[in-house]
Asker: 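This is the structure I have questions about; it appears just below.
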Number of protein chains: 4
Amino acid sequence: MASSESGSAAPRRADARRNRARILAAAEQVFGDQGFAGSTEEIARRAGVSVGTVFRHFPTKRDLLAAIVKDLLQGLENEADRLVRDGDPATALFTFFAHLVAEAAEKKTIVELLADVGTAVPIDTAIGGFADTFARLLDKAQAAGTVDRDVTADDVLALLISTTQGAVRGGWDPRRQERVLSIIFAGLAAPRR
Amino acid sequence: MASSESGSAAPRRADARRNRARILAAAEQVFGDQGFAGSTEEIARRAGVSVGTVFRHFPTKRDLLAAIVKDLLQGLENEADRLVRDGDPATALFTFFAHLVAEAAEKKTIVELLADVGTAVPIDTAIGGFADTFARLLDKAQAAGTVDRDVTADDVLALLISTTQGAVRGGWDPRRQERVLSIIFAGLAAPRR
Amino acid sequence: MASSESGSAAPRRADARRNRARILAAAEQVFGDQGFAGSTEEIARRAGVSVGTVFRHFPTKRDLLAAIVKDLLQGLENEADRLVRDGDPATALFTFFAHLVAEAAEKKTIVELLADVGTAVPIDTAIGGFADTFARLLDKAQAAGTVDRDVTADDVLALLISTTQGAVRGGWDPRRQERVLSIIFAGLAAPRR
Amino acid sequence: MASSESGSAAPRRADARRNRARILAAAEQVFGDQGFAGSTEEIARRAGVSVGTVFRHFPTKRDLLAAIVKDLLQGLENEADRLVRDGDPATALFTFFAHLVAEAAEKKTIVELLADVGTAVPIDTAIGGFADTFARLLDKAQAAGTVDRDVTADDVLALLISTTQGAVRGGWDPRRQERVLSIIFAGLAAPRR
DNA sequence: GATGAATGAGAGTTCATTCAT
DNA sequence: AATGAATGAACTCTCATTCAT
């Protein structure tokens, strides 16, 4: 009774936990194929479960999307921590930046939805979770002289949103992605004015 | 492919022409307020017209969106032509790039829809209309030495899509927008590798 | 644009008017058979119309009920006016009272719903429409000496609600109804205290 | 017919007995607040029990309602017996009648449901339990001369249903209730025809 | 050409009831 | 006996699209 928002973490019973996972997977598929318009019934079908069960786990369609996004971000944040600790200060910022863009390109539709559906998880909230990480990575890079001192963490986040959305909406191949990144990274390195 | 797809150009009768314009305006408002989910009936209401009329002009909701986008792009291309002719070769590329981003930020929702709704007008088709323009502006800039020779027109278009989408989805204030652009422009100017 | 609440009066087009009437009739049937739980789809079917049409006429299930009740009351009020004008002062009150009870017994389920479903038309509002009429009938009866002077119009209305509900819920046969009324009328006539 | 319909009387185990009571109490609350539409899950929650348990005790929602009503009536019948034995013959009928109306006004929603929901306990069955009691009270009153000889027990029951339902549906304040009763009692006393 | 009523598939959501744990 | 997850039919309502007037 204490800690449970709607559709939160893991149920107690094993079968329920299994179902929750299946539903999330099915939803990722369906949203991926048809966008947020994909029907709940279709999700239930693919999860091998009845609609009622979907709604028991996620009282609202939006909650479903939010849960998917949350999982996705969780994974990324874990990787981030590792990089902050162990990466080369001079390049870790670039590495992580590129990594996020690549991930986004892979999870295309989810990232699209992230920005679309009113407010499931507003995009800046989502990316905001990385604010600290980037602030730290930026510090190190500036200390190492690979990024101009005038650049702020907010600048980097804004560029991240851009590149991420560009990758997702523009339908880039890996070469294009690499070239775009290299231009942006050059811009970050260049002394301003 | 030239002059008469469904709902294209201008009807003969004056009242019909007037209605077409009203409907487009109303649709731009409604889509702007409520996204593509805004109902056809609402559009009809705001246009002071009945649903039937909306459908006579645009057989499908998507056609409506396509028409709006087409108008928007038409306007921009006109401005582009002027710039190519009269602008300062060293900076015209940057000026036009910034102009497009600003426009996008203004027409937020329409640009969002551009990328979202399946295929009203796929984003690269839309932006592709500027390919020639940018190719020419890029040439001049490289000749003037304000952009690195390694940069291609496709690179520029990719960056345009990114910044455009970033501006629209990220909810930037003008200062952020300016800073982001200046970093990207610096990246374009910097000699590669 | 001026005078039209939801589901109000009569549409312009003849077919629409016909449909509206059919829907009302079907709804009266269905509500009568199954109470307010009867489904909209069933109503549509019996009206020979699709659900969409039902909802175009009455945007809410409750609106449908309200419309039925309104029609019912309208009819009764018309009869009331006639009685006030032409009836025998000494007995008109009793006549009209008995008439309403009989009507209620006939339209059983509708009257039940009147009181049940939250607030489609709150029962006192409904009966309140007769307040004036009863006030006038009561005056005349008291002048004629057939009702005790201590009785107020509110008393009469309260008794009307009672008898009405009794008739509807109690499943009285005509004899029972007559006996109950005669006792109540005797009570009204009797000098108080 | 005597002791073991579904969900009847008292379970053996102490905890089960406790649960049964809790569920009944919770259901009375919930039905009181939200009518018969109140959800089983809500009832379970308020009883501090799971849905499964509710259904083990009362296989159907309607059974729950029936049980509540049964309890309510049981209590009233006990009081009735006392009155028949000890009350003043001349007034006991009136006293008990008024008492029932007051009770009904208190348990408003339950009494509403009594008459509404198809058949949990049909209203005349419910009130029929008092038939004997009233027959006896009526006898005494007629012997004492406070009620006209022409009045039958069925008349009294019909009036009881009326007043009861009137009180519940009409939203009377105590004064109105008193006035209505006094008129009805006057009617009972008055010599007929 | 315009109107606006009709269509009807489909959506999200609820809830009594069943059943594995 | 109790739990609480699962079921799935049912419900109200929306909306792009068609078509009689």
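Atoms considered below: every heavy atom in the structure, side chains included; atoms not considered: hydrogens, waters and symmetry mates. Bear in mind that the values here come from a model prediction, so they are computed numbers and not experimental data. Chain letters run A, B, ... following the sequence lines, proteins first and then strands; every chain starts at 1.
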Asker: Atom CZ in B:R13, atom CZ in B:R18: separation rounded to 0.5 Å?
Answerer: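 Spacing of CZ (B:R13) from CZ (B:R18) equals 10.0 Å.
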Asker: For F:dT21, what is the paired nucleotide under Watson-Crick or G-U wobble rules, both distances under 3.5 Å?
Answerer: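 E:dA2 - that is the nucleotide pairing with F:dT21, both distances being under 3.5 Å.
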Asker: Figure out the CZ/P separation between D:R18 and F:dA1, and round it to whole Å.
Answerer: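 Result: 14 Å.
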Asker: If we only count heavy atoms from C-beta on, is the D:R22 to D:N19 side-chain gap below 4.5 Å?
Answerer: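 Of all side-chain heavy-atom pairs linking D:N19 with D:R22, at least one is under 4.5 Å.
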Asker: Taking atom CD1 of D:I68 and atom CG of D:D71, what is their separation to the nearest 0.5 Å?
Answerer: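 Answer rounded to 0.5 Å: 8.0 Å.
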Asker: CG of B:L65 versus C1' of F:dA16: gap in Å, rounded?
Answerer: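 B:L65 atom CG is separated from F:dA16 atom C1' by 15 Å.
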Asker: Do the side chains of A:F31 and A:I43 get nearer than 4.5 Å, heavy atoms only?
Answerer: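 Answer yes - side chains close enough.
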Asker: Using a 4.0 Å cut-off on protein heavy atoms (strictly under), produce a 5'-to-3' string for nucleotides 6-16 of chain E with B for base contact, S for backbone-only sugar-phosphate contact, and - for none.
Answerer: BBB--SSBB-S
Asker: Strictly by Watson-Crick or wobble contacts shorter than 3.5 Å, is anything paired with E:dC15, and which nucleotide is it?
Answerer: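 Per the H-bond distance test, F:dG8.
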Asker: Can you tell whether the side chains of A:E42 and A:R46 come within less than 4.0 Å, N to carboxylate O?
Answerer: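 Salt bridge present between A:E42 and A:R46.
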Asker: Between A:K61 and A:F36, is there a donor-acceptor pair closer than 3.5 Å when you use the side chain of the first and the backbone of the second?
Answerer: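 The answer is yes, because a donor-acceptor pair under 3.5 Å joins these two groups.
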Asker: To the nearest Å, how far apart are D:I23 CD1 and F:dA2 C1'?
Answerer: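 About 10 Å, once rounded to whole Å.
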Asker: Can you tell me the distance, in whole Å, between the CD atom of B:Q34 and the C1' atom of F:dC15?
Answerer: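 Rounding to the nearest Å, CD of B:Q34 and C1' of F:dC15 are 13 Å apart.
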